[in-house]
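For reference, the structure is listed below as structure tokens.
Numbers here simply count residues along the sequence, with the first being 1.
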Amino acid sequence: MDSPDRPSESEGLDNEGGDDADTAGDDAGGVADPGTGSEGGSLFSTVVESRATTLVGLVVAVTVVGLALRLLFLGDRIAHWDEGRVAYWITYYIETGNFAYRRIIHGPFIQHVNHWLFPIFGANDFTMRVPVALISATLPLSALFFREHLRKVETVALALFLAVNPVILYYSRFMRSDLLVATFMFVALGTLVRFYDTRKWRYLYAASALMACGFASKENAILYVLTWLGALGLLADQALYRPRDDRSGYHLLAAKVRALFGSARAAISPTATANGGRPGDRDDESGIRDRVSDGVPKRIAATAFPYGLHLVGIAVVFLALSLFFYAPRGAGELGLRYPPMTNDKVMFWQAVADPTQLPALIDHTWSYVSSEWGHWFSQAGEGGDQGFVDQATEFIGRYVRVMGTKAAPLSILAVAGFVYERYGRETSRNLVMFSAYCGFVSVIGYPIGTDIFGAWIVVHALLPLAIPAAVGLAVLYRWGHEAFVADDRIGVVAAAVILLVIAGQVGAVTAGSVYQNAQSDDNYLVQYAQPSDDPRAELNAIRSVAADEGRTGPDVMLYYGETGDRYDENAALVEKDPSGWNSSYYNYEPLCSKWFNFLPMPWYVASSDANVDCAREPGTLTDQVGSDPPAVIISVDGDQTLPAYALEEEYTRATYSMRTSGTNWVFWVHQSVEIDRETDRSAAAQTPEQPAIGVATGGPAAAP
């Protein structure tokens with residue numbers, strides 16, 4: 001009898017899965033094997049069975065395509081607010097050696113990896129995103145872990161969804177930890193499935209390492225584990241409610257318990273071994289029992305010891321990697337403050353040099369990290385001003401909208417695949433049902449649990465839903481193949497049209513949302529803290545002047561002169577009170593800036609090693625321009641105090657939106673600085689609809 005969690009021997013296409021792979025036929029009463037039968041299928045079967053199109057070869061080819069799509073123009077998009085914030089602290093880690101996990105930055109994995117990469121390949125937008133791109137590019141390969149439970153076509157379809165789905169692809173090109181934790185936990189699930197298939201311990205060791213990396217990537221790794229447990233509970237309920245081969249769920253459980261005890265007894269009992277596996281007479285058994293009764297504990301120990309040793313090893317792998325990622329470096333959290341402080345606690349490399357200090361390192365690392373995790377959990381699902389119900393309703397709607405507009409084929413086919421698996425097969429496969437349960441609950445759970453919406457949370461539902469979606473796509477493919485074999489032209493055309501529509505939708509959304517409009521406010525994948533414009537020319541100018549050691553004057557000067565009620569806490573680039581410019585809890589440089597309003601620029605000025613000054617009064621700015629002009633001045637569009645008359649002769653300017661909407665900055669670049677703007681956006685070229693910035697009281701009027 002077929003395994004209930006594998007393709008039936010009477011189903012589907014050949015499952016060329018390599019080691020331990022099943023070979024499956026078509027649905028009972030359905031399609032003939034494409035490798036046999038009518039002449040119409042012979043050419044197709046020749047292609048499918050050729051060496052170039054083995055399952056592994058096809059999945060590797062899909063993976064290469066996915067990798068190329070992830071690396072294409074990877075450094076072009078201006079950093080998102082979150083990217084700039086995390087990247088700043090990575091440069092700080094490199095410069096000072098001080099590191100501590102903080103929940104606001106999320107898991108430390110990306111910080112450590114880029115801490116190693118930046119000094120080698122340079123601190124830039126491409127390098128900071130490379131780890132996410134490369135790690136997520138392994139997702140299509142993980143489809144091979146499920147090959148015992150999926151047909152060949154389903155496995156390739158799964159790889160395709162993981163390689164080119166626009167939502168997954170967009171955030172594979174984004175330095176956030178969501179794709180990291182999703183990849184590590186999804187691949188870890190694959191290794192657990194392979195352990196179930198093979199009983200080879202190496203897969204559990206791999207799962208332990210991958211889960212440690214997942215937990216080090218982002219806190220919601222724990223939600224994956226909880227989701228898995230919930231899905232397993234549903235599978236258990238399903239099995240007990242309608243057992244396949246037993247009278248009731250009680251009888252199924254009883255049979256499992258008897259089998260478990262039987263296996264344990266066989267492992268420690270000498271009787272079967274002494275009689276070559278055959279039952280002996282009572283006297284023989286009694287004699288054997290007497291001779292070895294004292295050896296039973298030894299047999300139990302000998303049987304249990306290897307298992308216990310492996311379990312300890314697996315735990316050690318997880319805990320050692322977790323300690324490596326989470327343990328503080330340098331002065332730890334105190335080294336992140338301003339001014340940096342020293343720390344008398346044991347840091348990671350101290351414990352490595354002196355292992356006797358390891359218990360102290362573990363103790364304070366656990367205390368600190370558990371406190372941070374506790375705060376993270378306490379913030380989940382906070383409704384803010386809207387209230388929990390209103391926010392949850394809004395976020396669920398936005399979540400579904402992203403799935404419907406940017407991942408429609410995967411979402412629709414996931415539902416179709418689930419329906420087919422549950423109601424269209426003689427026996428449903430546990431893997432497909434498990435994945436569907438995980439995906440469907442994530443559609444509700446993640447928007448309820450988040451405090452700030454970003455489309456990146458959609459990937460946590462799409463990854464598990466890719467498995468039932470692959471089943472749905474394979475059903476469509478088999479329908480078309482059946483029509484082809486039967487010379488049913490209408491069926492072939494219908495299947496081909498649907499497949500072309502799916503491919504066209506994915507291609508169009510990928511081109512538009514991932515590449516052409518990756519910063520547009522109209523793109524549902526773009527979160528509001530993403531700059532919608534591209535001041536790349538100005539950023540390059542800042543980098544070039546920062547590298548010029550012979551240049552005097554500030555590389556960058558921030559200006560914001562509004563006072564009183566006109567001072568906007570959410571728009572100002574400069575702290576309100578100059579007397580507090582040298583005070584900060586954490587070392588948010590430049591200290592004079594409204595640091596969070598200034599994002600993502602702290603990353604760019606830090607990676608360029610540019611020196612930054614600030615001005616709150618028009619006279620301060622004009623004096624600086626007259627004596628030692630800054631290379632670049634950044635002001636807020638609409639600041640009526642800006643002395644534009646003092647800048648127009650020596651500076652060119654361009655205005656950029658530094659969020660998706662509503663936050664415009666003006667970049668003034670000195671005439672001595674080489675800059676390659678695509679169009680003339682100087683002050684003289686401004687139109688009446690885009691007037692020059694207002695003037696300080698008493699100054700000459702700025703030209704329109």
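- The closest donor-acceptor contact from the side chain of S435 to the backbone of V432 lies at 3.5 Å or more, if one exists at all.
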- Apply side chain to side chain contact (heavy atoms under 4.5 Å, CB included) to the pair L150 and R429, showing each step before the final yes or no. CA-CA 9 Å; L150 300 174; R429 288 169 289 180; 4.2 Å; yes

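- Heavy-atom neighbours of Y205 OH from other residues, nucleotides or ligands within 6.0 Å: above the threshold of 12.
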- Message: Between F109 and F184, is the ring pair (Phe, Tyr, Trp, His ring centres under 6.0 Å) condition met? List the steps.
- Response: CA-CA 11 Å; F109 180 89; F184 285 129; 5.1 Å; yes

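- In terms of heavy-atom proximity, A518 sits nearest to V526 at O-CG2, 3.3 Å.
- Under a 3.5 Å cut-off, the side chain of Y656 and the backbone N or O of P531 do not form any donor-acceptor pair.
- The pair R176-E83 does not meet the salt-bridge criterion, since no charged nitrogen lies less than 4.0 angstrom from a carboxylate oxygen.
- Ring geometry for Y203 versus F145: interplanar angle over 60°, hence perpendicular rather than tilted (30 to 60°).
- Without hydrogens or angle criteria, N165 side chain to I168 main chain gives a donor-acceptor distance under 3.5 Å.
- Contact check on R478 versus E482 returns no salt bridge, with no Lys/Arg side-chain nitrogen under 4.0 Å from an Asp/Glu carboxylate oxygen.
- No side-chain heavy atom of P140 sits less than 4.5 Å from a side-chain heavy atom of L160.
- In this structure, L465 and F161 have side chains that are not in contact, with every pair of non-hydrogen atoms separated by 4.5 Å or more.
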- Task: Run the numbers on M658 and D533 for side chain to side chain contact (heavy atoms under 4.5 Å, CB included), then give the verdict.
- Result: CA-CA 7 Å; M658 298 304 291; D533 280 338; 5.8 Å; no

- Message: Quick one, D488 with I490, criterion side chain to side chain contact (heavy atoms under 4.5 Å, CB included). Give me CA distance, side-chain angles, the key distance, then yes/no.
- Response: CA-CA 6 Å; D488 178 2; I490 295 177; 3.8 Å; yes

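- Of the candidates N220, I222, L223, N220 is the only one forming a side chain to side chain contact (heavy atoms under 4.5 Å, CB included) with V181.
- Looking at E154, its side chain does come within 3.5 Å of a backbone N or O of R151 through a donor-acceptor pair.
- The environment of CG in L229 is crowded: more than 12 heavy-atom neighbours from other residues, nucleotides or ligands sit within 6.0 Å.
- For the atom pair L253 CG and R258 CZ, the distance stands at 10.5 Å (nearest 0.5 Å).
- Here CZ of R659 is found 9.5 Å from CD of Q530. Values are rounded to the nearest 0.5 Å.
- The two atoms that bring M128 and I110 nearest to each other are O-CD1, 4.4 Å, heavy atoms only.
- Two residues are said to be in side-chain contact when any heavy atoms from C-beta on lie closer than 4.5 Å; L169 and V164 fail this criterion.
- Judged by distance alone, with hydrogens and angles left aside, the side-chain atoms of R147 form a donor-acceptor pair with the main-chain N or O of L144 at under 3.5 Å.
- The closest side-chain heavy-atom distance from Y420 to V415 is not below 4.5 Å.
- S208 contributes no side-chain N or O that, together with a main-chain N or O of L204, makes up a donor-acceptor pair within less than 3.5 Å.
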- Could you check H106 against D82 for side-chain hydrogen bond (donor to acceptor under 3.5 Å, both in side chains), going step by step and ending with a plain yes or no? CA-CA 10 Å; H106 293 307; D82 280 352; over 6 Å; no

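- A donor-acceptor distance shorter than 3.5 angstrom exists from the side chain of R70 to the backbone of A163, with no hydrogens or angles considered.
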- Tell me, with the steps shown, if L55 and T155 meet side chain to side chain contact (heavy atoms under 4.5 Å, CB included). CA-CA 8 Å; L55 178 60; T155 306; 3.8 Å; yes

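- Note that OH of Y528 is 11.5 Å distant from OG of S661, once rounded to the nearest 0.5 Å.
- Not one N or O on the side chain of T450 forms a donor-acceptor pair closer than 3.5 Å with the backbone of Y446.
- The main-chain N or O of I457 is never found under 3.5 Å from a side-chain atom of D178 such that the two would form a donor-acceptor pair.
- To the nearest 0.5 Å, atom CE of residue M175 and atom CZ of residue R77 are 10.0 Å apart.
- Side chains of T393 and D390: a donor-acceptor N/O pair is absent below 3.5 angstrom, by distance only.
- Rounding to the nearest 0.5 angstrom, the gap separating the CZ atom in R173 from the CG atom in L72 is 6.0 Å.
- Ring planes of Y171 and W456: perpendicular class, angle over 60° (limits at 30 and 60°).
- The shortest distance between side-chain heavy atoms of F434 and L234 does not fall below 4.5 Å.
- A ring-centre distance under 6.0 Å is found for F318 and F215.
- A pairwise comparison of heavy atoms in V167 and A407 identifies CG2-CB, 4.1 Å as the closest pair.
- Remark: D125 engages R536 in a salt bridge, criterion side-chain N to carboxylate O under 4.0 Å.
- Ring geometry, F174 versus Y170: the interplanar angle falls from 30° to 60°, so the pair is classed tilted.
- Annotation: side chain of L473 is in contact with side chain of L499 (closest heavy-atom distance under 4.5 Å).
- Annotation: F126 is not in aromatic contact with F121 [ring centroid separation under 6.0 Å not met].
- What you find for E219 and G107 is that their closest heavy atoms are OE2-N, 4.2 Å.
- Using a 4.5 Å heavy-atom threshold, the side chains of R202 and R194 count as separate.
- The line from CZ of F186 to CG of L179 is 12.0 Å long, rounded to the nearest 0.5 Å.
- The heavy-atom pair separating T183 from S136 by the smallest distance is OG1-CA, 3.6 Å.
- Put simply, the side chain of V225 reaches to within 4.5 Å of the side chain of M185, judged on heavy atoms.
- Closest non-hydrogen pair, L180 versus P131, comes out as CD2-O, 4.3 Å.
- Using modelled atom types, no side-chain atom of N517 and backbone atom of N523 make a donor-acceptor pair closer than 3.5 Å.
- Side-chain contact annotation: S217 with S177, donor-acceptor N/O pair under 3.5 Å absent.
- Counting heavy atoms of neighbouring residues, nucleotides and ligands inside a 6.0 Å radius, atom CZ of R199 exceeds 12 of them.
- The cationic atom of R401 (NZ for Lys, CZ for Arg) lies less than 6.0 Å from the six-membered ring centre of Y524 and within 45° of the ring axis.
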